Every structure is written in C-alpha cells, then in structure tokens.
Amino acid sequence: MGAIKISPDYNWFRSTVPLKRIIVDDDDSKVWSLYDAGPRSVRCPIIFLPPVSGTADVFFHQILALTGWGYRVIALQYPVYWDHLEFCDGFRKLLDDLHLDKVHLFGASLGGFLAQKFAEYTHKSPRVESLILCNAFSDTSIFNQTWTANSFWLMPAFMLKKILLGNFSSGPVDPVMADAIDFMVDRVSDPYLIILFL
C-alpha cells in the first residue's frame with residue numbers, strides 16, 4: 001500500500017471531509033461523488049475535475065491547503081457520460097443543485113478537456129469565472145486514430161485498467177513519485193469512470 005493512502009494528512013482529510021453523492025438526472029442513473037470543503041458562504045468555489053486515472057480524493061492536498069486559506073473547494077468524481085454535451089448538461093444540473101451560479105474550474109487531463117467544453121457550453125450565460133488547466137487537451141480526434149479507440153466500450157474492465165495504467169512509469173522513480181503513482185493506481189477502481197470519443 002502506498003504511503004499517501006496511510007498518511008496522517010490523507011486520513012485526516014477522509015475523516016473530516018465527507019464524500020457526498022448527488023443524483024441530478026431524472027432516471028437516477030448518474031451519481032456524482034464530491035468532496036465539498038470550506039465556507040459554504042463562498043458562492044464561487046474552486047471545482048477540481050480529475051483526470052481519467054483519478055478520483056475526487058486525488059486533490060486532497062489542494063483541498064486541505066486552500067480551505068485553510070478560506071477558499072471553498074469542491075472535488076468531483078463524475079459519472080459515466082459518453083459524450084461531452086451529455087457531461088456538460090449533467091454538470092450544469094449539478095451546479096444548479098448546489099445553487100452555484102459561477103465557479104472557478106481546475107481540470108487535469110480529461111478534467112481539463114471537460115472544463116473547456118463546459119466553458120464553451122455555457123458561453124451565452126457564463127458560469128465559469130476562471131479556468132485553470134493542467135495537462136489538458138482541446139481535441140479528442142487523436143484518440144480515434146487507432147482501431148482500439150472505437151472498441152474501448154466493448155473491452156472488459158481489467159483490460160481498460162491495463163491500458164489506462166500502462167502510461168505510468170514502471171522503472172526506477174523518486175520515492176515521492178512512486179507513492180503518488182501507487183495512490184493513483186489505487187484510485188482507479190473502475191476504468192469506466194468516463195470514456196469520451198467525440
């Protein structure tokens with residue numbers, strides 16, 4: 001087990017910030033999981049959108065630091081959506097459910113792509129106050145360049161997990177990086193978290 005998962009900071013985070021589950025669709029099929037920390041009086045929080053290989057709790061360090069400075073931070077784990085428009089509609093419903101008119105979005109990798117798409121989706125009635133992107137991409141067409149891309153939805157979970165985790169370094173790495181990789185590998189319990197092919 002990685003050192004991060006058993007660290008005092010992570011355990012304190014998990015014991016003080018509850019994981020909430022919110023359903024926003026009429027058919028109850030889409031469950032959003034989130035950590036909402038910091039003063040509820042802050043009406044324009046920072047929302048963290050994880051990469052495909054992460055879950056809401058991968059941002060626990062940021063949540064602890066930013067809430068200590070008085071910010072409200074929400075880290076999300078989104079349900080399965082098969083295209084970005086469906087995601088944007090679900091995310092808009094989530095913000096409505098949380099009574100949030102404006103948000104700051106931080107997106108990592110796939111989360112950055114989705115943050116950009118949501119900013120585009122709401123451009124006529126802007127809901128994104130600012131956008132912070134980390135290792136994000138703006139186009140998914142490259143993912144359709146191989147025969148496997150079109151068949152991901154048919155693959156069993158163990159195979160998707162192998163593909164997803166195959167990009168992590170397997171050679172010698174710094175101990176801190178090794179702990180971070182172990183933590184991320186542990187977080188990928190279901191590679192069907194979200195797969196977008198547009």
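A quick note: this is a predicted structure, and the numbers were derived from the prediction, not measured.
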Step by step, work out the salt bridge (Lys or Arg N to Asp or Glu O under 4.0 Å) result for D96 and R127. CA-CA 11 Å; D96 290 345; R127 300 200 61 176; 2.8 Å; yes
Closest approach of Q116 and S138, non-hydrogen atoms and distance? OE1-CB, 3.7 Å
Quick one: does any side-chain atom of D25 pair with a main-chain N or O of D27 as donor and acceptor, under 3.5 Å? no
K30 side chain to V80 main-chain N or O, any donor-acceptor pair under 3.5 Å? yes
L133 side chain near F113 side chain, heavy-atom distance below 4.5 Å: no
Report yes if the side chains of Q62 and V73 come closer than 4.5 Å at any heavy-atom pair, otherwise no. no
Parallel, tilted or perpendicular: which fits the ring planes of F60 and F13, with parallel below 30° and perpendicular above 60°? tilted
Can you confirm whether R21 sits close enough to L19 that some side-chain heavy atom of one is under 4.5 Å from a side-chain heavy atom of the other? yes
Side-chain donor-acceptor distances from residues 101-109 under 3.5 Å, at least two apart:
{"residue": "K102", "atom": "NZ", "partner": "P126", "partner atom": "O", "Å": "3.2"}
{"residue": "H104", "atom": "ND1", "partner": "S130", "partner atom": "OG", "Å": "2.6"}

Between V17 and W12, is there shared hydrophobic-cluster membership here, with clusters defined by ILVMFWY side-chain heavy atoms closer than 4.5 Å? yes
Point-to-point distance, once rounded to the nearest 0.5 Å, from CG of L110 to NZ of K117: 12.0 Å
Given 3.5 Å as the limit, does a donor-acceptor pair link the side chain of Q77 with the main chain of Y35, or not? no
Compare all side-chain heavy atoms of I46 with those of F59 and state whether any distance is below 4.5 angstrom. no
Fit a plane to each ring of W32 and Y78, take the angle between them on a 0 to 90° scale, and name the class: parallel (under 30°), tilted (30 to 60°) or perpendicular (over 60°). perpendicular
What's the shortest heavy-atom distance between K5 and N11, and which atoms? O-OD1, 3.7 Å
Would V128 and V42 show up in the same hydrophobic cluster when neighbours are defined by side-chain heavy atoms closer than 4.5 Å? no
Measure the CG-CG distance between L34 and D57 for me, rounded to the nearest 0.5 Å. 12.5 Å
Test applied, side-chain contact (heavy atoms from CB on, under 4.5 Å); reference residue, F118; option that passes from L131, L95, I47, D89: L95
Rounded distance [0.5 Å steps], CG in L76 versus NZ in K20: 12.0 Å
Is it the case that over 12 heavy atoms from other parts of the model lie below 6.0 angstrom from the CG atom of D174? yes
Report yes or no: do Y81 and F137 belong to one cluster of Ile/Leu/Val/Met/Phe/Trp/Tyr joined by side chain heavy-atom distances under 4.5 Å? yes
